[in-house]
Amino acid sequence: MKVSKWSERLFGTPLFEPLVSFSYLFPLLYIVVFLIVPVLAMLAIAFRHEGHFSLYWFKSILTSSYYVQFPPRGDFAIKTVTATGETVYLIRGIDFGVVINSLVVAALVTLLASLMGTIFAFIMARYDFRGKNFFRIALFIPLLVTPFVNAYVIKKMFLDTGLINYIFYELLHILPFRIKIDGLAGVVLAQAMTYYPIVYLNAYASFINIDPTLEEQAENLGSKGFHLFRTVTFPLALPGIAAGATLVFIFSLEDLAAPIVFQGDPLAKKLMSYQIFSKFLYGLGERSPEIAALSILMLTLAVLAFLGIRKYVSLRQYAMLSKGGRWKPRVSKPRPWQAAIIYVVLLPLLLFTIFPQIGVVLLAFSKQWSVTVMPQGFTTEYVKQMLFNPDVRRYIINSLMYSAAAVVLIILLSVTSSYATSRFKGILTPVLESLVIIPIAVPGIVVAMGYFYFFSQVFPDTPLDPTNIFNFNPAFVLILAYSIRRLPFSARSVYAGLQQVHVSLEEASMNLGASRWKTITGILLPLISLNVFGGAMLSFVYSMSETSVGITLGSLNMQYAPITAFMKDIMMSAAGSAQLAAALGVLLITVQILSIVLVNIITKQRYAFIGLT
Amino acid sequence: MRKLVEVKLENIVKTFGETVALKGIDLHIKHGELFTLLGPSGCGKSTTLRIIAGLDFPDSGRIFFDDQEVTYLSSSERGAVLVFQNYALWPHMTVYDNIAYGLKIRKLPKEEIERKVKWALQLVKLEGFEDRYPTQLSGGQQQRVAIARAIVVEPKLLLLDEPLSNLDAKLRLEMRSEIRRIQRELGITVLYVTHDQEEAMAISDRIAVMNVGTVEQIGTPREIYEKPKTEFVASFMGKTNVIPAKVVERHGDKVTVEFEHFRLEGLTYTDKSDKVVIVIRPERISLHPIENAVKLEGKVDLIEYYGFFIEVVGMFGETRIIARTISDKDVMGLRPQGPVAFYINKDDILVLPKQL
Ligand SMILES: Nc1ncnc2c1ncn2[C@@H]1O[C@H](COP(=O)(O)OP(=O)(O)O)[C@@H](O)[C@H]1O
Ligand SMILES: [Mg+2]
């Protein structure tokens with residue numbers, strides 16, 4: 001009888017059990033040591049100037065017109081005339097300075113993505129129309145991550161000689177002049193096109209989960225059409241939409257791929273993520289306080305957005321009380337004008353947003369893509385290069401190994417943390433619950449910088465020290481970063497599984513004499529194995545395509561670099577091997593599709609990719 | 001031979017946040033007895049059971065199995081096996097594996113496990129179902145697997161939490177006698193939980209009636225039914241008349257009580273409180289004159305036919321009193337709003353302090 005007051009208080013069980021303590025303490029310490037401490041350690045650097053505590057770096061950032069620029073500079077669009085006498089409007093956006101630009105871009109992307117995501121979710125949830133299954137599949141396609149190449153194709157689409165001008169200027173004559181989108185405007189478009197399905201998935205789940213009787217009652221009382229949507233449907237779905245929107249906001253803020261691809265236009269470089277990235281690369285080995293300060297600023301913005309939404313969503317957790325009765329989904333045939341919108345507006349929009357992924361595949365098999373609408377010439381050269389060039393293969397193997405190692409850690413972390421938080425109610429329970437999802441709110445580049453300062457400080461002159469130019473081995477650091485950054489996906493899935501297993505199944509086992517270990521391995525794990533599997537696959541897929549840490553710390557020693565660092569290198573180098581990057585993109589797409597299909601077949605459920613609450 | 005235990009609970013207190021689930025429970029369950037916790041939903045029966053099983057731990061108080069204190073012994077070491085209300089069968093295991101689980105934990109040889117599982121299946125009359133999965137069984141069958149899984153490990157103490165509540169009425173009666181039969185056959189100590197007084201009466205050696213976290217009375221079914229010690233127990237044990245009244249005269253332990261304009265003399269009552277209820281079972285009220293009886297005159301409010309008995313609801317002033325008879329003759333000549341007389345033997349009138 002090891003009765004322990006501490007165990008009761010901390011873990012919510014009066015009997016001290018090593019396994020329970022481990023379930024709490026392992027994930028807790030892991031996240032504290034490998035996320036909270038490194039990130040907060042940057043505070044010590046950012047708030048220090050000439051040996052004292054000081055706001056110097058923040059002041060210097062926030063008072064510099066490079067970072068904060070009021071009124072904004074530049075013209076939103078510039079009219080130019082080509083040699084052939086055609087008018088081209090170059091749209092780049094205006095410059096508010098780095099910090100404000102980041103906020104404006106993130107806000108615009110969030111707005112666009114929310115609008116598109118919600119509209120698509122609504123028609124998918126409420127209308128039955130021909131081609132709906134195509135919509136359903138197509139809406140997943142933008143979620144297939146192909147770092148850099150994706151944005152590259154989007155950039156090509158919006159060139160003055162690109163697909164958009166071809167269709168709307170040359171073919172349909174809807175545009176009276178050519179347009180070219182570049183700079184911040186290009187970043188906004190690229191991100192909105194990539195991220196809107198995140199809002200779509202969350203919004204769709206919300207629409208589907210609204211008890212139909214709530215809307216029927218409103219109709220019964222005389223509400224209909226847009227009024228019904230505005231007063232009942234939308235408010236009930238808003239928490240889900242907001243959750244998706246927040247993710248988009250954070251993803252936009254931390255995104256590096258789009259700014260790097262659009263960096264030909266200096267305006268695209270004036271974003272916080274890019275600034276941290278480039279200052280880091282060019283000041284190699286330097287523990288710059290300015291970067292730390294910028295990272296802290298960015299982290300603050302992301303965490304504020306995240307906490308704001310959590311608060312809001314938890315305030316609005318409407319319990320959907322359904323008092324029995326039928327649950328017939330409210331699906332109807334669209335009226336003619338609605339059908340017109342679906343086929344004339346939404347279908348083309350959808351096709352444009354899946355074009356990047358199509359473009360990536362085409363590009364991987366083509367000889368070149370300069371100023372034409374589509375890539376030109378067929379070749380398997382780049383796919384062969386990817387498969388047989390030992391250098392390229394090394395990056396692939398690196399990524400596979402790091403991701404696999406990270407997944408092992410992630411499984412351990414998500415099972416222990418979910419077990420602790422779902423089965424026990426100690427004072428550490430809410431702490432651990434928050435810690436497990438907090439990685440969502442920490443931008444990847446901030447993790448990268450935190451690790452940079454942390455490992456160079458704690459392990460100087462070892463292979464773990466990123467400033468140890470030739471001897472640094474990023475493997476360990478990358479595995480840690482992947483395991484932390486992708487933990488929330490898996491933890492959510494495992495937690496959901498645990499919620500579906502009634503505690504009495506475990507109690508019955510222990511009551512019959514089984515130890516806790518035996519109960520977990522013999523009863524619990526078999527029952528949640530599908531959730532563990534689903535979560536692990538998701539984490540694996542997103543580890544493979546992890547960008548921020550991979551292209552910063554991961555590229556410090558190319559011998560051990562992951563695939564994304566290599567893709568960035570070839571995309572940034574002048575002699576365009578965009579095709580090779582595209583081939584790697586195709587590989588990533590293949591891995592993702594295979595995983596998703598496998599998960600869907602094995603677990604027999606559609607896996608929502610990303611959610612927040 | 002299996003060792004049966006005697007279970008003692010001393011002043012068990014348990015709170016969940018603000019709710020006080022148990023306010024100091026004392027129980028003494030004897031060897032080989034079928035002991036029932038009876039009470040309305042939410043009164044703390046399951047909590048008591050879980051604390052005895054070692055699945056929850058009390059805030060204070062102690063638990064003894066024989067002379068050994070087990071208050072903080074973990075569930076797996078305690079040997080008090082619980083049959084859960086929802087059966088808690090493992091869906092990924094066959095019936096055989098479910099039942100064999102506890103034996104495998106005890107590292108018994110394979111042949112012995114097989115023999116015992118077979119014996120248990122026989123006992124619950126489920127031979128031939130070894131390879132089914134729980135989802136392929138009916139509610140009653142699942143229930144029997146749950147019982148088999150518990151008894152196969154020869155528990156010191158078998159705990160049953162509302163084992164019949166998920167079954168339909170007919171099956172409930174059947175399983176009720178099954179459980180009694182198994183308990184007798186094995187002679188094990190059983191602690192049984194139910195909210196159904198009829199079930200409790202039918203099955204138990206002794207009953208503890210619980211009410212909001214306290215034990216109100218412990219006794220044999222007959223004692224509880226015939227000599228309830230509190231108003232709550234009286235009203236919980238089946239349909240009964242509970243009539244507010246007050247004590248107007250005392251002579252030692254004999255009192256005179258008054259309700260409406262009726263005066264009842266020479267009733268036995270010892271409590272100090274003058275606010276009382278008188279409790280009369282409907283079946284103890286006669287509709288025809290009997291010897292030494294109190295006669296109450298009122299008018300008929302309702303006559304209800306239940307098939308094998310008839311109830312007459314009489315109005316005595318503002319007070320409704322129900323009488324029950326199995327004789328059609330008794331109700332002949334009665335009609336709604338017409339006069340009626342109830343005859344009650346003084347021994348059948350209980351006076352208890354007012355409680356609720
Ligand atoms: N895990 C728990 N958390 C909070 N309150 C609980 C918990 N278990 C039981 N209770 C409360 O304790 C009281 C007794 O519950 P329980 O023992 O389940 O009653 P019974 O089994 O008699 O219906 C109830 O008020 C119930 O709400
Ligand atoms: Mg209960």
Side-chain angles (χ1 to χ4, degrees), chain A residues 1-21 23 422-427 429-430 497-533 602-604, chain B residues 16-17 46 49-60 62-63 68-93 97-108 134 145-146 149-159 161:
Chain A
M1 291 188 224
K2 285 152 290 177
V3 186
S4 152
K5 275 266 173 303
W6 277 108
S7 173
E8 166 103 66
R9 183 108 32 97
L10 293 175
F11 310 138
T13 161
L15 294 194
F16 175 81
E17 288 182 65
L19 209 52
V20 176
S21 316
S23 292
S422 67
R423 294 300 185 252
F424 301 95
K425 292 277 159 280
I427 54 170
T429 303
L498 279 167
Q499 297 258 286
Q500 277 157 23
V501 176
H502 199 278
V503 198
S504 63
L505 295 185
E506 293 150 60
E507 288 175 343
S509 162
M510 290 195 276
N511 186 236
L512 281 169
S515 64
R516 195 170 286 282
W517 172 253
K518 183 88 183 52
T519 300
I520 291 174
T521 53
I523 303 289
L524 194 57
L525 285 182
L527 289 173
I528 60 165
S529 58
L530 293 183
N531 298 78
V532 174
F533 174 72
I602 293 184
T603 67
K604 294 193 181 60
Chain B
F16 292 106
S46 296
L49 218 54
R50 291 174 57 83
I51 285 177
I52 295 174
L55 294 168
D56 275 327
F57 300 95
D59 301 345
S60 66
R62 303 199 297 171
I63 304 163
Q68 190 202 356
E69 182 176 352
V70 296
T71 318
Y72 290 102
L73 198 60
S74 77
S75 188
S76 54
E77 295 165 90
R78 213 177 276 203
V81 177
L82 174 60
V83 175
F84 289 78
Q85 190 171 359
N86 64 355
Y87 314 145
L89 298 179
W90 301 303
H92 62 303
M93 293 185 192
D97 288 335
N98 263 282
I99 298 175
Y101 188 84
L103 300 172
K104 287 180 186 161
I105 296 286
R106 285 163 180 71
K107 300 215 163 59
L108 263 56
V145 175
R149 183 175 70 180
I151 55 180
V152 81
V153 298
E154 305 185 6
K156 294 181 196 161
L157 172 65
L158 183 65
L159 308 166
D161 192 356

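Quick note: numbers below take in every heavy atom, side chains included, and nothing from hydrogens, waters or symmetry partners.
Note: Tyr72(B) and Phe57(B) have parallel aromatic rings, judged against thresholds of 30 and 60 degrees for the angle between ring planes.
Leu82(B) CG to Ile52(B) CD1: the interatomic distance, rounded to the nearest 0.5 Å, is 10.0 Å.
The contact between Arg106(B) and chain A is made entirely by side chain atoms (from C-beta outward), counting heavy-atom distances below 4.5 Å. Of the atoms belonging to Leu103(B), not a single heavy atom falls under 4.5 Å from chain A. Leu505(A) touches chain B through backbone and side chain together, each having a heavy atom under 4.5 Å away.
For the pair Glu506(A)/Ile520(A), no side-chain contact is recorded, criterion being any heavy-atom separation below 4.5 Å from C-beta on.
Taking Glu507(A), Arg516(A), Met510(A) one by one and counting their heavy-atom pairs under 4.5 Å with chain B, the maximum is reached by Glu507(A). Contact count versus chain A (heavy atoms, under 4.5 Å) is highest, among Ala53(B), Ser75(B), Ala80(B), Ser74(B), for Ser75(B).
Taking every heavy atom of both residues into account, Tyr87(B) and Arg149(B) meet most closely at O-NH2, 3.1 Å.
Between Arg50(B) and Asp161(B) there is no salt bridge, since no side-chain nitrogen of the basic residue lies less than 4.0 Å from a carboxylate oxygen of the acidic one.
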